[in-house]
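Single-structure report; data block below.
On a predicted model such as this, the values are computed, not experimentally measured, just so you know. Below, read A as the first sequence line, B as the second, and so on, with proteins coming before strands; counting in each chain starts at 1.
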Amino acid sequence: MPDSVYAYLSTSLRSAAIAAFGEQTAATVDIAIEKPKHASHGDISSPVALALAKTLKQNPVAVANRLMAGFPWDERYVSSDPGLERTVAGGFINFRLSSAYLQKALIASVQSPRTFGRNQAMPAKRILFEFVSANPTGPMVVVNGRAAAIGDTVARVNAWLGHSVEREYYVNDYGNQVNLLGKSIACRYYQSLGRDGAIPEGGYEGEYIRDLAAEISAALPEVASMAPAQAEELFTAEALARIMAQQKEILAAYGVRYDRWFRESDLHKSDAPAKVLALLRGRGLVYEKDGAVWFTSSQFGDEKDRVLVRQDSSPTYFLADLSYHMHKATRGFDESYTFWGPDHHGYLPRLEGAVKALGLSTTVFKNFIIQQVNLIRDGQPFRMSKRKGDFITMADLLGEVGVDAMRYFFLMRRLSSHFDFDMTLATKKSDDNPVYYVQYAHARTCSLLVHAQQQGFANDEIAAASPGMLSEAEEFALLRRIAEFPTLLVQTAHYVEPQRITTYLETFASDFHVFYQKHRIVTDNRPLSCARLLLTCGVRNVIRLGLDLLGVSAPERM
RNA sequence: GUGCCUUUAGCUCAACUGGAUAGAGCAGCGGAUUUCUAAUCCGCAGGUUAGGGGUUCGAUUCCCUUAAGGCACGCCA
C-alpha cells in the first residue's frame, strides 16, 4: 500500500492512462499531482489530461473522462462519491481526500507525534550539511544568523524524514587572513605597551582586536618575554581558540549544534591538497604560468582560469576547498549540502567546475547561496558602519530580538531573496508579528485542553473519540492541514525551501483561530466535544512539531 | 564593464517549480467579546505580476531584451 495519497494517485493515474490510451501514449506525459489553488476544486488535482490532450490532439475534457473511466478508486485515499465534487472540470481531474484518509492522519498525529510525517517509503540517506563557516577572524554577522537558521532547519527536516544528518562547520584557520589576525592583535598589544607600530595592510581594526590583545596577554603573561614572531604565533592560536569558542556559544544559544568543526589547517597538515593537484594534473587540467599553478576553470564555465598554487608555492583557499570536497566525498555521504554566503556567488562556478573535473557527482554535492540581509529599524534601513561603532553582529541581533523571532524571521523567506529584517517588528509583541500569531494558536490549543480536563474530560476519553463526528467545514479544513503535513516536509527538504513551513504554520494557525471562533469545543454534547478535543490535540501536535523544526519554542501559555 | 541575485497590492511576501478566478499578513476603513485566551475573528477596499517581445492549448513561472536595486569580480579566506 502506497504510504501517501500522492504515490497512490500517480501510480493509479498512470495505470488508468495506459488502460485508456496504451503504453506508448501514456509514457509521453508526466503525471503531475498538485494542490489546487482554490479549495472548491478539490484537495488534490492533476492536469495530466491536458498534457495527454496535446499528444492525442483531442478535447481535454473528453480525454479526462475517458481516462477516469477505468480509474481504480480506493476509499482509503480519495472519495469516489460523485456528489462530493466534479471529478473532471476543464480538463483537470479533481480529487477529494476521503474521510478515512483524513481520520487516519489525525489519529497518527495524536497517537504517534514523534514519528508523524516520517517518510517510511524513502530510503534513509546519510546527508552532510555545511553552513555558516564564518571566518574565525571576527564576530559573526547577521547573515551568518540567516545561514544558521536555514542550514539547521533543513537538517532538522531531513532528520525528521528519517535521514541521518550531520552538521559541519568549516573553519578557515589557515592562510593570510589568520596571519593578519595574529599580526593585528600583536600590534595592538605592543601599542598598549606604548610601542610604535601600525596595523598591517589589510589587517583587522575592530575594537574586538584590542580586547583580544588584552585578554590573551592577561591570561598568558609569558607573551611579554617572547620574540615578536613567537608572540604573533601565540596570539593567533589563542585568538582562534577564543573566537571559535565564542562562535560555538552563540550558535548553541541559537539552537544550532554542530557534529564537527572541520579545520582547514588539518587539510594542509596532510597531503590532501597535493593529491588533488596530482589528480587534476593527471587529467591535463592544470598548467604553469608566471611561476604559479593554474586550473583550467574556464573550460568549466568560469570566466577565467584560477590559481591553485601561488608563486611562493603556497596552496590557495581554492585548492584547500577542493581537497575538503574530496575529503567529504570519501566519507560516504549520499548528499552533501553547502550553504554559502552572498559573497561567494562568484566563487561557485570555479568550485562546481572543479568538483565536476574531479569526477565528483553534482547530484551529491549541492550548493546554495544564502542572500544578504538588510536590517531595518523604525522603518529605515540601518546602515552599518564599523568605524562609527554602530555595527550589529549576529550576537547583537540575537540579544535584541531573541531566538524565536530571529530564527522565525530568517525562515520566512526563500534563500535567494534579499531579506529585509525588520527589527522593530520582530521585537513587537503584537498581532502583526507572525511568530506570536503561530505561537498563540499553539498556546490556545493547550489552554483548551487544560480547560477540558478541568471540566472532567479525561485523556483516555478524548483518545477514544470518534473522528467521524467531525463534519463542519472548519473541522475538515484542519483535518486537511494535518494530512498535508507529511507532504509539506518532503517538499521542504526536496526544494530546500524552509519558508514553506512558516507559510504553512501561518495558514494552519489561521484555520485554527477560525475554527475556535466559530465553534464551541467543550460543550454538553460529550461525543462531539471529545472529537473536537481530539482534533485540537492533532492541531497542537502538528503546530508544535512545525515550530520544533524551525527551532522556535512552542509556549503552552501566553 | 562582466557574472550572479532580486523586482508581484501602499509595505513585507506567497503562489507546491508551466495549470483553473494571482493569494496572505501588515497598514487603511467598517464591524464582532454576558462565551473554552480579543496576541482572535468577520467584512470592505487595494493588481497591466517593473516595461517590451517570444515559446504553447496555457506564462508570475521558461527564453530574449530594456530598466531599476543589490552583491561579487584577489596568486585573500
Give one of base, sugar-phosphate or nothing for A:Ala32, where a contact means two heavy atoms less than 4.0 Å apart. nothing
Determine if the base of B:rU65 is syn or anti; take syn to mean the glycosidic torsion is within 90° of 0. anti
Between B:rA15, B:rU37, B:rA39, which nucleotide gets closest to the side-chain atoms of A:Tyr436? B:rA39
Under 4.0 Å, heavy atoms only, any strand: does A:His442 hit a base, just the sugar-phosphate, or nothing? nothing
Which is true for A:Ser45 with a 4.0 Å heavy-atom rule: it touches a base, it touches only sugar-phosphate, or it touches nothing? base
Between A:Arg281 and A:Glu288, is there a side-chain N and carboxylate O pair less than 4.0 Å apart? yes
May I ask you to decide whether A:Arg263 forms a salt bridge with A:Asp266, counting only side-chain N to carboxylate O separations under 4.0 Å? no
Can you give one letter per nucleotide of nucleotides 71-77 of chain B, 5' to 3': B if a protein heavy atom sits under 4.0 Å from the base, S if only from the sugar-phosphate, - if neither? BSS-BBB
Measure up the A:Tyr101 and A:Tyr77 rings against each other and bin them: parallel (under 30°), tilted (30 to 60°), perpendicular (over 60°). tilted
Atom CE of A:Met412 and atom C1' of B:rC11 are separated, to the nearest Å, by 13 Å
For the rings on A:His513 and A:Tyr440, is their centre-to-centre separation under 6.0 Å? yes
For the ring pair (Phe, Tyr, Trp, His ring centres under 6.0 Å) test, which of A:Tyr495, A:Phe131, A:Tyr337 pairs with A:Phe368? A:Tyr337
Just checking A:Gln499: base, sugar-phosphate only, or nothing, at a heavy-atom cut-off of under 4.0 Å? sugar-phosphate
Under the criteria of a ring-centre distance below 5.5 Å and an interplanar angle below 30°, is A:Tyr437 stacked with the base of B:rG25? no
Give one of base, sugar-phosphate or nothing for A:Val522, where a contact means two heavy atoms less than 4.0 Å apart. base
Categorize A:Ser447 for me: base, sugar-phosphate, or nothing, with a 4.0 angstrom heavy-atom threshold over every strand shown. base
In terms of side-chain geometry, is the basic nitrogen of A:Glu303 or A:Arg350 positioned less than 4.0 Å from the acidic oxygen of its partner? no
